[in-house]
Amino acid sequence: MRIRGLIQLLASGAIVFSLTSFAVRAQPPAKTQTVQETDDEVKVNLYTKFVNNYKTNKPVAYETAKAYLQRYAKDNDDISKYVQNFVVGYEIELRQGQLRQLVYEERNFVEAFKLGKRVMADDADHLDSLIALGNAGYLAATARNENFNAEAMGYAKKALEFIEGGKVPENWGPFKGKDDTLAYLYYTVGLLSLKSAPNEAIENLIKAAQLESELKKLPGTYYVLAVAYETGPYAKMSADYQKNFAGKPDAPESKQAIEKLNQVIDRIIDAYARAVAAAGDDPKNAQSKATSLNRLTVLYKFRHEGDPGLNELISGVLSKPLPAKP
C-alpha cells in the first residue's frame with residue numbers, strides 16, 4: 001500500500017508546533033511542506049503518533065520520538081531534526097524535574113549538586129533550578145553539611161538577581177510566593193557567608209527578616225544575625241579599639257570608636273532579644289532560647305547597668321522594625 005505525504009501536515013500545519021516550555025527550543029522546518037511519498041508505513045505511524053501526543057501526552061510522544069529516531073535519524077531531514085529537538089528538550093525538562101525531586105523530596109544533596117551541574121549546562125539561567133540549588137545549600141548547611149556552601153551561594157545570588165529584576169519561575173513551589181522565595185534565598189546567602197563574610201551575611205539576613213515569610217517568625221533567623229554582628233563588625237572594631245586606644249587617655253577619636261562599637265552592641269542586643277521573643281515557650285526552642293538569653297543578659301547589663309528593662313525589651317521587640325546595619 002502506498003501512503004502519500006508522511007503526514008500531509010496532518011491536515012493543519014502540525015509541523016509548526018511549539019515547545020516553549022523547554023529550555024532548548026525546537027526549531028520548526030524553515031517552511032511548511034509536505035513529506036515525500038513513502039511506502040514505509042512504520043514511519044508514517046510513528047510520526048503520526050508523535051504528533052498526536054506531543055501536546056497532550058509528552059511521555060508517550062517522547063518514547064515514540066526515540067523509536068522514530070532509532071529508525072530514521074539518518075534521514076537528517078527537517079522532520080527528523082525536529083523530532084530530535086523534541087527529545088533533547090524533553091530530556092532537559094526531565095532533568096529539571098529530577099533536580100527538584102532530589103532537593104525538595106529526597107533531600108539528597110550530593111546527587112542534587114551532581115545533577116545540578118548538568119542542568120546548569122543545559123540552561124544556566126533556568127530560574128526554578130537556580131532556586132532549588134540555592135535552597136539545597138541552605139538545607140544541607142542546616143543539616144551540618146557545608147560542602148556545597150560556595151556553589152549554592154552562587155546559585156542563590158543569581159536567582160536573587162533574576163527575581164529582583166522581574167523574572168518569574170515556572171513554579172514558586174514549594175515556597176508560598178515571591179516574598180517567601182526571596183526571604184529563603186537571602187537567608188541562604190546570609191547563612192552560607194556567615195563564616196567567610198559576616199558583614200555580607202548581616203545585609204542578607206536583614207533582608208530575609210524584613211520579608212513576609214516563615215523566617216520572620218523563627219528564632220534562628222535572629223540568632224544567626226546576632227552571631228554575624230559579633231563575628232563581623234564587633235570583633236573587628238573591638239580588636240581595633242584595643243590596639244589603638246586601650247590604656248591611653250580619652251580622646252575624641254577613642255570616644256568616637258566607643259560610640260560606634262556601642263551601636264553594634266545595640267544591634268546584637270536587639271537580635272538576641274528577637275531570638276528570645278520568637279522562641280516563645282515552645283519546648284523545641286528551649287535550648288536555643290537559653291543560649292540567646294544568656295548572651296543577651298550579659299550584653300544588656302554591659303550597656304544598661306542597673307536598668308531592669310530587659311524583660312520589657314524582650315516583650316516588645318518583635319513589634320518594632322528591625323534596625324538597619326549601622
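Predicted model, so just to flag it, every value in this text is computed and none were measured. Position 1 is the first residue of the sequence; numbering continues from there.
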From Y184 atom OH to L160 atom CG, the distance as rounded to the nearest 0.5 Å:
14.5 Å
Under the rule for ring pair (Phe, Tyr, Trp, His ring centres under 6.0 Å), what residues qualify as partners of Y241, not counting sequence neighbours?
F245
Can you check salt bridge (charged side-chain N to carboxylate O under 4.0 Å, His left out) on E93 and K58, steps first, answer last?
CA-CA 11 Å; E93 193 175 71; K58 287 181 181 179; 3.7 Å; yes
Is there a donor-acceptor contact under 3.5 Å from the side chain of T297 to the main chain of L293?
yes
In chain order, what residues pass the ring pair (Phe, Tyr, Trp, His ring centres under 6.0 Å) check against Y187, with sequence neighbours excluded?
Y138
Set out, in order, the CA-CA distance, both residues' side-chain angles and the distance that settles side-chain contact (heavy atoms from CB on, under 4.5 Å) for F109 and L102, then state yes or no.
CA-CA 7 Å; F109 308 122; L102 286 170; over 6 Å; no
Identify the heavy atoms of L133 and A112 that sit nearest to each other, and give their distance.
CD2-O, 3.8 Å
Measure across P219 and A275 and return the closest heavy-atom pair with its distance rounded to 0.1 Å.
CB-O, 3.3 Å
So T188 and Y155, do their side chains get closer than 4.5 Å, heavy atoms only?
no
Check for a donor-acceptor pair, side chain of N204 on one end and backbone N or O of E200 on the other, with a separation under 3.5 Å.
yes
Using the rule given for ring-ring contact (aromatic ring centres under 6.0 Å, His included), can you reason through F86 versus F50, listing the C-alpha separation, both sets of side-chain angles and the distance that settles it, and then say yes or no?
CA-CA 10 Å; F86 176 90; F50 167 72; 5.0 Å; yes
With a 4.5 Å cut-off on side-chain heavy atoms, are L130 and P169 touching?
no
Let me confirm one number: the CG-CG distance from L299 to D270, rounded to the nearest 0.5 Å.
12.0 Å
Do N135 side-chain atoms and I131 backbone N/O form a donor-acceptor pair below 3.5 Å?
no
d(K325 NZ, L225 CG) to nearest 0.5 Å is 10.5 Å
Keeping the roles fixed (side chain from N145, backbone from A141), state whether a donor-acceptor pair exists under 3.5 Å.
no
What do the steps show when you test S254 against K248 for side-chain contact (heavy atoms from CB on, under 4.5 Å), and what is the final call?
CA-CA 9 Å; S254 62; K248 298 178 182 179; over 6 Å; no
Would you check if the side chain of R100 reaches a backbone N or O of G173 as a donor-acceptor pair within less than 3.5 Å?
yes
More than 12 heavy atoms of other groups within 6.0 Å of K284 NZ:
no
Step by step, would you call E203 with Y186 a side chain to side chain donor-acceptor pair (under 3.5 Å)?
CA-CA 9 Å; E203 296 166 4; Y186 277 121; over 6 Å; no
Do the side chain of D128 and the main chain of N171 share a donor and acceptor less than 3.5 angstrom apart?
yes
Can you tell if the side chain of L185 reaches within under 4.5 Å of the side chain of F175, non-hydrogen atoms only?
no
Taking the side chain as every heavy atom from C-beta outward, state whether T64 and Y47 have any atom pair closer than 4.5 Å.
no
Hits for ring pair (Phe, Tyr, Trp, His ring centres under 6.0 Å) against F302, two or more places apart or cross-chain, chain-then-number order -> none
Okay, side chain of K260, backbone of Q256: is any donor-acceptor separation there less than 3.5 Å?
no
Whether S213 side chain and A183 backbone form a donor-acceptor pair below 3.5 Å:
no
I314 versus A273, closest heavy-atom pair with distance
CG2-O, 4.3 Å
Any salt bridge between D75 and K43, counting N to O under 4.0 Å?
yes
Nearest heavy-atom contact between K289 and A279 is CB-CB, 3.7 Å
Could you list the residues that satisfy side chain to side chain contact (heavy atoms under 4.5 Å, CB included) with P59, not counting sequence neighbours?
N57, Y90
Can you check side chain to side chain donor-acceptor pair (under 3.5 Å) on E230 and Y272, steps first, answer last?
CA-CA 11 Å; E230 286 204 71; Y272 277 128; 2.6 Å; yes
Heavy-atom nearest pair, D180 first then E214, reads OD1-N, 4.0 Å
If you compare all heavy atoms of G232 against all heavy atoms of P198, which two are closest, and at what distance to 0.1 Å?
CA-CG, 3.5 Å
Measure the CG-OH distance between N262 and Y234 for me, rounded to the nearest 0.5 Å.
9.5 Å
Pairing of D77 and K81 as salt bridge, 4.0 angstrom limit
no
Between E161 and K167 (salt bridge meaning N to carboxylate O under 4.0 Å), is one present in this structure?
no
Verify, without hydrogens or angle tests, whether R95 (side chain) and D122 (backbone) share a donor-acceptor contact under 3.5 angstrom.
no
Could you go through the salt bridge (charged side-chain N to carboxylate O under 4.0 Å, His left out) check for E212 and K216 one step at a time?
CA-CA 7 Å; E212 293 302 323; K216 192 173 186 177; 2.6 Å; yes
One should read off an interatomic distance between E170 CD and S129 OG, to the nearest 0.5 angstrom, of 8.0 Å
Could you give the distance from CZ (F113) to CG (N147), rounded to the nearest 0.5 Å?
10.0 Å
One pair to check against side chain to side chain donor-acceptor pair (under 3.5 Å): N53 and Y62. What are the steps and the verdict?
CA-CA 9 Å; N53 284 281; Y62 172 63; over 6 Å; no
Just by distance, do the side chain of T221 and the backbone of K217 share a donor-acceptor pair under 3.5 Å?
no
Just to verify, what does D125 make a side chain to side chain donor-acceptor pair (under 3.5 Å) with, not counting sequence neighbours?
K158
Can you list every ring-ring contact (aromatic ring centres under 6.0 Å, His included) pair that touches residues 208-232, not counting sequence neighbours?
none
